[in-house]
Enquirer: 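Dropping the structure in here first, questions after.
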Protein chains: 2
Amino acid sequence: MSKKQTTIQDIAKKLNITASTVSRAMNDHPKISKKTKALVWNTARELNYQPNTIASNLRKGKGNTVGMIVPRINRHFFSNVITGVESVLNPAGYNLIICQSEENYEKEVENVKTLISNRVSGILISLSIETQNIKHLQKIIKSHIPLVMFDRVNEKLNISQVINDDEAGSYEMAIHLLGQGIKDIMWMGGPRSSSIYRNRYNGYKRALEEHNIFAEEMPCFEGSPTLDSALNYMREFLKSGKCPKAIFCTSDYMAMGTIQALYEKGLNVPNDVAVTGYSNEPFAGLISPKLTTVEQFSEEMGRATARLLLDQLLSESDEPVPRKIIIKPKLIVRETTQKRKKNNKFIKNKQEL
Amino acid sequence: MSKKQTTIQDIAKKLNITASTVSRAMNDHPKISKKTKALVWNTARELNYQPNTIASNLRKGKGNTVGMIVPRINRHFFSNVITGVESVLNPAGYNLIICQSEENYEKEVENVKTLISNRVSGILISLSIETQNIKHLQKIIKSHIPLVMFDRVNEKLNISQVINDDEAGSYEMAIHLLGQGIKDIMWMGGPRSSSIYRNRYNGYKRALEEHNIFAEEMPCFEGSPTLDSALNYMREFLKSGKCPKAIFCTSDYMAMGTIQALYEKGLNVPNDVAVTGYSNEPFAGLISPKLTTVEQFSEEMGRATARLLLDQLLSESDEPVPRKIIIKPKLIVRETTQKRKKNNKFIKNKQEL
DNA sequence: TTCTACAATGCAAACGTTTGCATTTATTTT
DNA sequence: AAAATAAATGCAAACGTTTGCATTGTAGAA
């Protein structure tokens with residue numbers, strides 16, 4: 001009934017043996033007799049013993065938890081990456097401490113500090129939009145904690161990373177639009193200070209240039225990749241009276257805001273304007289018209305990231321070779337980029353993919 | 001350059017003082033002189049010292065992490081609860097270890113074991129659908145680890161909990177349908193072995209009974225609360241040729257499946273059949289017709305849960321009074337339950353709520 | 001000057017494990 | 001039966017902190 005948990009000492013005392021023996025018995029050490037092991041295991045159960053991982057880790061000088069820093073956990077993309085990470089890390093005996101930077105640089109630095117203090121065995125990070133300075137990441141490396149970046153990475157840092165081929169995904173999307181005969185494609189993206197939006201812009205630009213169109217001459221909005229941000233901007237923009245034939249949004253939420261603004265102006269999607277998303281949010285295939293977008297295989301990205309970390313955790317070498325995994329995204333053509341023949345109806349088939 | 005992290009011992013050695021002094025200096029202990037503190041802090045920075053929280057926790061006999069077990073992290077509802085929890089726990093100095101049971105009882109038991117072994121200061125749990133046996137929860141209590149249940153709780157266990165008033169939310173929804181003059185309302189719900197679905201069913205039943213309708217006589221499906229599960233069932237069901245005037249789904253995903261099946265049969269929503277969801281997923285206001293559903297205030301639930309735990313962590317009493325917080329959900333009437341006059345158009349206004 | 005008081009620091013044990021080495025006990029070999 | 005080997009267990013230190021108590025140093029009071 002005491003407040004304390006039972007320890008191996010308690011078991012030892014009860015059996016008139018030492019803690020060492022109990023410890024070894026619990027770990028199924030070959031030098032301990034079957035009889036003693038059985039005795040130990042039984043009293044362990046009896047006393048409701050739970051090993052103290054903390055103490056064990058301290059003694060062994062290594063832990064079983066890895067830290068993960070993401071901008072926001074309640075984003076479909078990130079929560080899926082997390083699922084992927086856990087699916088690899090848990091079977092390998094690791095726990096995950098998840099931190100949110102909330103797209104805030106200071107908070108990200110704070111998170112790093114916490115994780116180092118908690119002596120996590122490794123850290124997985126996707127940078128906040130704000131992050132430019134990477135002193136905190138270098139601190140991780142200096143502390144000899146294996147570090148893997150994913151999705152939003154810093155290109156100056158030569159460490160393992162898993163990214164989407166955003167350039168390619170975006171290029172394909174632009175080619176798809178150009179293939180529809182559309183020449184003026186507005187850019188509506190997240191801030192290009194972040195690697196992913198920069199790369200998406202580059203893919204878009206490359207596709208246009210191959211058709212002798214200059215991205216710089218297209219209308220362009222760069223801002224927070226949210227529904228409201230897009231909605232507000234487009235409302236203003238459309239007041240000018242002119243409107244491009246397609247709008248390339250770098251997030252499904254921006255696409256939703258854009259479509260809404262277009263609708264308010266009485267414009268039809270896709271017949272008047274084609275609109276694209278990016279990320280394939282769960283709703284993308286459920287709305288009407290269904291949203292053309294890019295699938296990023298977020299769970300697979302999580303698994304790859306975790307595997308890269310695991311490699312480093314297992315190989316005891318202090319200077320692992322940085323590896324870079326690039327995941328190919330997949331263009332998902334739905335309805336918002338294809339002119340309709342007959343009247344568009346609500347949910348025709350089973351959701352694609 | 002060595003693999004080891006710097007410790008207070010290193011700092012002590014460098015300054016020719018003891019570890020005790022360094023420890024106290026780092027913790028800003030009043031008995032340490034300003035001069036020494038400054039010295040310690042400087043060399044700490046110099047040597048890139050990061051306190052070892054693990055060792056500290058071991059010595060102090062208490063930690064700064066709390067564990068959280070949820071069925072799935074990549075569900076909008078749960079990831080929002082998590083966000084709420086973190087918004088309360090982080091400022092209070094706690095980290096969160098998140099575990100997923102994946103709706104699997106064995107995995108949940110495993111999770112509990114891990115968290116106890118990691119000597120978390122407290123545990124927050126939402127039970128898996130499968131969970132009936134609660135020995136593992138009793139083990140937590142026996143280990144004197146504060147425990148708070150949320151959303152999917154076990155009613156036999158007299159501990160703190162935060163739940164939605166599912167009965168009321170469901171009741172309101174049913175009343176709303178009945179108010180449309182609809183008398184036959186099919187039930188399409190998750191398994192009633194889980195508290196939330198049981199309560200939702202009870203609310204539905206009560207509303208019907210007030211109108212002298214017996215829930216038992218209504219068509220009814222009980223299964224996995226997913227799109228596919230609903231879709232498959234409804235496809236079969238509709239082959240019978242008859243169809244109720246409304247279908248009460250206990251999840252937005254079930255609603256999506258249901259709507260799809262109805263559409264395949266050429267039935268119109270809401271003109272032929274009204275359909276409801278539950279949870280207000282992000283897509284609920286984005287699809288067309290927009291889905292009538294129930295907002296659960298998941299983030300608020302997370303905050304409340306965390307606060308309840310914090311109460312227990314701070315009050316040192318070993319036998320805290322269990323508290324129960326009930327969060328009132330809110331009915332959000334959109335388009336799937338209101339017959340249209342003119343032709344339904346895509347996204348009329350800014351998204352509600 | 002001696003005593004008292006307080007400020008600053010040191011000493012050593014403790015938290016619960018793990019582990020190399022030493023020791024005891026049992027078993028086999030000669 | 002003695003010696004050599006093998007098997008099982010014990011001893012004690014270590015992991016990096018924290019903390020009650022002891023010790024030292026310094027300044028003010030008597």
Side-chain angles (χ1 to χ4, degrees), chain A residues 2-41 43-44 47-65 116-121 143-145, chain B residues 2-41 43-44 47-65 116-121 143-145:
Chain A
S2 102
K3 180 121 197 174
K4 304 246 73 35
Q5 302 254 26
T6 75
T7 72
I8 51 172
Q9 319 270 2
D10 301 327
I11 300 178
K13 212 161 289 170
K14 182 146 188 182
L15 294 177
N16 267 319
I17 55 179
T18 50
S20 332
T21 309
V22 177
S23 168
R24 282 189 257 252
M26 290 305 299
N27 294 319
D28 208 2
H29 191 287
K31 290 211 165 183
I32 301 295
S33 69
K34 296 248 170 242
K35 202 172 53 176
T36 326
K37 277 181 191 171
L39 271 153
V40 168
W41 292 341
T43 48
L47 300 180
N48 189 29
Y49 169 73
Q50 296 293 142
N52 185 327
T53 315
I54 307 287
S56 166
N57 288 345
L58 175 59
R59 170 60 230 248
K60 292 198 289 196
K62 59 170 189 155
N64 67 148
T65 75
I116 296 183
S117 280
N118 275 77
R119 292 298 186 274
V120 292
S121 312
S143 302
H144 298 96
I145 299 177
Chain B
S2 103
K3 181 121 196 176
K4 303 243 74 40
Q5 302 254 25
T6 76
T7 73
I8 50 172
Q9 319 271 4
D10 300 327
I11 301 179
K13 212 161 289 170
K14 182 145 187 181
L15 293 177
N16 267 319
I17 55 180
T18 50
S20 332
T21 308
V22 177
S23 170
R24 282 189 257 253
M26 289 305 299
N27 294 319
D28 209 2
H29 191 288
K31 288 211 168 184
I32 301 296
S33 69
K34 294 248 171 244
K35 202 172 53 175
T36 324
K37 277 181 191 169
L39 246 67
V40 169
W41 292 342
T43 49
L47 300 180
N48 189 29
Y49 169 73
Q50 296 293 142
N52 186 328
T53 316
I54 307 288
S56 164
N57 289 344
L58 175 60
R59 169 62 229 248
K60 292 198 290 197
K62 60 170 188 152
N64 67 149
T65 76
I116 297 183
S117 280
N118 275 77
R119 294 296 188 274
V120 292
S121 313
S143 301
H144 298 96
I145 299 178

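In what follows, chains carry the letters A, B, and so on, assigned in the order in which the sequence lines appear, proteins first and then strands, with residues in each chain numbered from 1. Quick note: numbers below take in every heavy atom, side chains included, and nothing from hydrogens, waters or symmetry partners.
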Enquirer: More 5' along DNA chain C: A:S20 or B:K35, using each one's nearest nucleotide?
Expert: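 Checking each residue's closest nucleotide, the 5'-ward one belongs to B:K35.
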Enquirer: In whole Å, I'd like the distance from the NZ atom of B:K62 to the C1' atom of D:dT17.
Expert: 14 Å
Enquirer: What's the closest nucleotide to the side chain of A:N52 if the choices are D:dT9, C:dG16, D:dT19?
Expert: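 Per side-chain heavy atoms of A:N52, the pick is C:dG16.
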Enquirer: Base, sugar-phosphate, or nothing: which does B:N27 touch, judged by heavy atoms less than 4.0 Å apart?
Expert: sugar-phosphate
Enquirer: Side chains of A:S56 and A:T53 only: does a donor on one sit below 3.5 Å from an acceptor on the other?
Expert: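 There is no such pair (donor and acceptor under 3.5 Å, judged by atom type) between the side chains of A:S56 and A:T53.
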Enquirer: Just N and O in the side chain of B:T36: are any of them under 4.0 Å from OP1 or OP2 of C:dT9?
Expert: yes
Enquirer: How about B:Q5 and A:S143: do any of their side-chain heavy atoms sit closer than 4.5 Å?
Expert: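 The answer is yes; the side chains approach within 4.5 Å.
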Enquirer: Rounded to whole angstrom units, what separation is found between the CG atom of A:L47 and the C1' atom of C:dG16?
Expert: 15 Å
Enquirer: Of the nucleotides D:dG16, C:dT17, D:dG10, which has the atom closest to the A:T18 side chain?
Expert: D:dG10
Enquirer: Select base, sugar-phosphate, or nothing to describe what A:S23 touches, counting heavy atoms under 4.0 Å on all strands.
Expert: base
Enquirer: To the side chain of A:K31, which of D:dT9, D:dG10, D:dT17 is closest?
Expert: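 Of all the options, the side chain of A:K31 is nearest to D:dT9.
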Enquirer: Contact class for B:T53 (heavy atom, under 4.0 Å): base, sugar-phosphate, or nothing?
Expert: nothing
Enquirer: Find out whether B:Y49 and B:M26 are in side-chain contact, i.e. whether some heavy atom of one side chain is under 4.5 Å from a heavy atom of the other.
Expert: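 Yes - at least one pair of side-chain heavy atoms lies under 4.5 Å apart.
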Enquirer: Determine the sole option in B:K34, B:H29, B:K35 for which the side chain to side chain contact (heavy atoms under 4.5 Å, CB included) test with B:I32 is passed.
Expert: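 So, applying the side chain to side chain contact (heavy atoms under 4.5 Å, CB included) to B:I32 and each of B:K34, B:H29, B:K35, only B:H29 qualifies.
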Enquirer: Would you kindly give the NZ-to-P distance between B:K60 and D:dG20, to the nearest whole Å?
Expert: 13 Å
Enquirer: Which part of the nucleic acid does A:N16 contact within heavy-atom distance under 4.0 Å: base, sugar-phosphate only, or nothing?
Expert: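 Since only primed, P, OP1 and OP2 atoms lie under 4.0 Å of A:N16, the category is sugar-phosphate.
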Enquirer: Between the base of D:dG10 and the side chain of A:R24, is there a donor-acceptor distance below 3.5 Å?
Expert: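 Side chain to base: pair present.
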Enquirer: In whole Å, what is the span from the NE2 atom of A:H29 to the P atom of C:dC21?
Expert: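 Rounded to the whole Å, the gap is 13 Å.
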Enquirer: Between B:N57 (CG) and C:dG16 (C1'), how many Å, whole number?
Expert: 13 Å
Enquirer: Between B:R119 and A:P51, what is the shortest heavy-atom contact and its length?
Expert: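 Heavy atoms only, the tightest pair is NH1-O, 3.2 Å.
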Enquirer: Once you apply a heavy-atom cut-off of 4.0 Å, does A:S33 come out as touching a base, just sugar-phosphate, or nothing?
Expert: sugar-phosphate
Enquirer: Regarding A:I17, tell me which of base, sugar-phosphate or nothing describes its non-hydrogen contacts under 4.0 Å with the strands shown.
Expert: sugar-phosphate
